[in-house]
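I have placed the structure first, in the form of structure tokens, so that the comments after it can refer back to it.
In what follows, chains carry the letters A, B, and so on, assigned in the order in which the sequence lines appear, proteins first and then strands, with residues in each chain numbered from 1.
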Protein chains: 4
Amino acid sequence: MSKASPHRRVAAEKPRLPELPARRGAYAVVLDAALRLFAERGYGGTSVRDIATVAEVQPATLYAHFPSKAHVLAELVRIGHEVHQQRFREALLEVQPAPRLQLAAMVRAHVSMHADYPMLAVVANAELHALPAELAAPALQLRRESEQLLLEIVERGVRLGEFSVAQPWLAVAAIGSMGLRVANWYTPDLGMSADAVADAYVEFAWRIVGAKPQ
Amino acid sequence: MSKASPHRRVAAEKPRLPELPARRGAYAVVLDAALRLFAERGYGGTSVRDIATVAEVQPATLYAHFPSKAHVLAELVRIGHEVHQQRFREALLEVQPAPRLQLAAMVRAHVSMHADYPMLAVVANAELHALPAELAAPALQLRRESEQLLLEIVERGVRLGEFSVAQPWLAVAAIGSMGLRVANWYTPDLGMSADAVADAYVEFAWRIVGAKPQ
Amino acid sequence: MSKASPHRRVAAEKPRLPELPARRGAYAVVLDAALRLFAERGYGGTSVRDIATVAEVQPATLYAHFPSKAHVLAELVRIGHEVHQQRFREALLEVQPAPRLQLAAMVRAHVSMHADYPMLAVVANAELHALPAELAAPALQLRRESEQLLLEIVERGVRLGEFSVAQPWLAVAAIGSMGLRVANWYTPDLGMSADAVADAYVEFAWRIVGAKPQ
Amino acid sequence: MSKASPHRRVAAEKPRLPELPARRGAYAVVLDAALRLFAERGYGGTSVRDIATVAEVQPATLYAHFPSKAHVLAELVRIGHEVHQQRFREALLEVQPAPRLQLAAMVRAHVSMHADYPMLAVVANAELHALPAELAAPALQLRRESEQLLLEIVERGVRLGEFSVAQPWLAVAAIGSMGLRVANWYTPDLGMSADAVADAYVEFAWRIVGAKPQ
DNA sequence: CATGAATGAGGTTTCATTCAT
DNA sequence: GATGAATGAAACCTCATTCAT
């Protein structure tokens, strides 16, 4: 399919991919083209020819770098989840062990990742279902771990009396969902920094879990 | 494409479509099949042949009722938005004019719609981008109106001193996003009623906007 | 196919069909619609639905009057050849037995038929090949007879010393071809009567066979 | 459609296409197959699969060389008109400026082209109407120019007193029509050379315009 | 590593036709 | 006699992928 979609699924245009140190040339161009197209039209709405055209490469060239179209998506999904996990890891390493601060650090990481790499986030979220089971498994594992981590923080906050929320897992679902969707509408053109959005969402998260002031 | 997706995009199996009074026969069967398939595999991942097979009709029969595959999606998107709007309308008609109650009614309508018709909601949200502009326009218009309505309620709450939130539009974005995602994970099998989920989300929404107790 | 052709295959719009005494109703409407469409787009470029649409009838109705699409064409071809033959017959019955006058009468009949029923003539000529052998046979027979008749007239003229042409059969081919093509370009809008065209073509025919003056 | 037509639209079998210097392989094979099938069954009566089968390639291969079925026809129509124009051009360049000789040269070129490439001529004439406007335009333009050229020769002959014909444009129509139809019946199997046919038609053309002897 | 050409399968849609009403 | 709905086949075309060069 080659028609452009009439209404954007992602508001922002860039940045698209984080630095991919070791990989240059056709690999990077193809990945970048696929990212843009999968984000805009979805995996099923994008043909290998579409990708090759945007990448200014022949369709056959794609197969020198990826075993199949699905593997291109798999690679984008992997990168997306890796970036997400990396931000989570850094956030945890640098934060004091207070639930209130831990939650803030996680939400900030979550939201800013979705604002900084919106296309990557949309593809990793919305096109995951297009992957065959074995290619999707690693991403699903990371997702479960992240959610579990967030849940443990919230439950610990509740146990310590710092948070007050009836069903922590529902709060986690709500907080996660809030952040996911940022990828769809955030763009620097809004005149608001990604940090400012993250700040606001941290406040929302605190409120949802009933965090005590201070 | 005819391979089954390995991980569910929607947890619930039913109910799928609201009563479509006057329409019976192939029209309803096709629509129901398309709903299930679009929800599971996406529009681009579903072929007309797939739909026909599930509906137990010939592909040609589909074209006696819909001008194209896109029009099948358009009809599902239309129905989804109509149900959503209908719930919003009823909620508003029956509620006291207090912002706190209005917000509660809207969130309850929003969440319960996504829990009651999860497939319809997922298709209407996640596959809207696959529609050509002219078919997507009515849904986009309804979306803007719903969001505007929610925003006005929150802003009024702030003006009246009942709510306390720095950027009402961000709060609206967060609240809306929370509810959207319910469609992906809710199923009665969780042992939790849709009403109970809605109750919890109403509480979250109140907290996000800093609603004063009472 | 339903797109209109961009350049006319027949210049004239009407008249289309001679009076069909005994047949009224759907039969006549279908035949008239098919005539127009076959003339403009050809048999292969016209669908049964196209015919039904123009005839303002359901496709199924067509099958109450014709066993198949091919039989609709066969009927038009039959009528076309019948009209042609009828004109030839009348021409012969009313003419003096001089080759010069006989040739004139035949050419006049041939040309005026193509000018009076251009759509019918174009369909009978240009779409004959689309008919299966058994449906085309009667028309092919009539064609051979007409040609043979013309050939005999020319050969007799040569024998009697009234015509002078080396290869009578080539002259007949040329004279017949000239007249056939009139159907494509003649229209009363040209400001010239069909009779005037026929007069001119009679003169051409005389010249081709080298008819002695008087 | 794959049934063979029962009565030939073109008597001759070959030669079919002029030398296409630079083009070999699938392009040429497809074009040759399409020429034969379009000539026999018409554009609407020939499927892409039919062409691919005769060309001994896959249908998909056709689309590596032509954007659509219509473009295959367009290419044939283009080649046909180019050959015709080329013959006209050569004829004019080599002839003395006497109207009588000019007319002879043109008619000879016209007729011999239709006898030498009968399939190409039939397709270019009889299937032109199946092309969308933008693809048909160049051919229509060439046609108008050829006709205009012939008309100017006849009118000049009349002015110079070498020809005597009341309506030169009608004579041109008749002469052109005569030649067109040669493509339908001529075949070397008749035992008559294309040149001999052309000679006869030159004589007919002279007679039609009333050319003075010598 | 990149490519142009080819392919078999399958995409969406239209076809001529039938049949119960 | 007319129809609305259905159908199996086939229409045109695009798909992801391969391979010799």
Is any side-chain heavy atom of [X] less than 4.5 Å from a side-chain heavy atom of [Y]?
X     : Y     : answer
C/R16 : C/D32 : yes
A/L31 : A/I79 : yes
B/L62 : B/K69 : no

Looking at [X], does any N or O in its side chain come under 4.0 Å of the phosphate oxygens OP1/OP2 on [N]?
X     : N      : result
C/S47 : E/dT14 : no
D/R49 : F/dC12 : no
D/T61 : E/dT7  : yes

* Asked: Which residue, B/P67 or D/A60, contacts DNA chain E at a nucleotide closer to its 5' end, judged by nearest heavy atom?
  -> D/A60
* 5' precedence on DNA chain E between D/P59 and B/S68 (nearest-nucleotide basis) -> D/P59
* Of all residues at least two apart in sequence or in a different chain, which pass the side-chain contact (heavy atoms from CB on, under 4.5 Å) check with C/T53? -> none
I need the [atom1]-[atom2] distance between [X] and [N], as an integer number of Å.
X     : N      : atom1 : atom2 : answer
C/I51 : E/dT14 : CD1   : C1'   : 15 Å
B/Y27 : F/dA6  : OH    : C1'   : 18 Å
C/L62 : E/dA16 : CG    : P     : 10 Å
A/E56 : E/dA2  : CD    : C1'   : 15 Å
C/R41 : E/dC15 : CZ    : P     : 10 Å
C/Q58 : F/dA2  : CD    : P     : 11 Å
B/L37 : E/dG11 : CG    : P     : 12 Å
B/D50 : E/dG11 : CG    : P     : 6 Å

* Axial bend angle, the helix from E/dA2-F/dT21 to E/dT21-F/dA2: five-pair end segments, nearest 10° -> 10°
* Quick one: label D/V48 by what it contacts on the DNA or RNA (base, sugar-phosphate, nothing), any heavy atom closer than 4.0 Å. =>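 Sugar-phosphate contact only.
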* For B/A64, which contact category applies under a 4.0 Å heavy-atom criterion: base, sugar-phosphate, or nothing? -> nothing
* **Non-hydrogen atoms of A/L120 and A/G80 that approach each other most closely** =>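 Result for this residue pair: CG-CA, 3.6 Å.
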* Looking at B/V72 and B/A34, what are the two nearest heavy atoms and their distance? ->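 The answer is CG1-CB, 3.5 Å.
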Candidate nucleotides [options], ranked by approach to the side chain of [X] - the nearest:
X     : options                : value
C/K69 : E/dA2, E/dA16, F/dT7   : E/dA16
C/Y63 : E/dA16, F/dA16, E/dG11 : E/dA16
D/H65 : F/dA9, F/dA6, E/dA6    : E/dA6

* Asked: So, are D/R9 and D/E40 salt-bridged, with charged N and O less than 4.0 Å apart?
  -> no
* To do: Report the residue (A/A70 or B/V57) whose heavy-atom-nearest nucleotide on DNA chain F is the more 5′ of the two.
  =>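 Mapping each residue to its closest nucleotide by heavy atoms, the 5'-most match is B/V57.
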* **Pairing residues for A/E82 by the salt bridge (Lys or Arg N to Asp or Glu O under 4.0 Å) criterion, not counting sequence neighbours** => A/R78
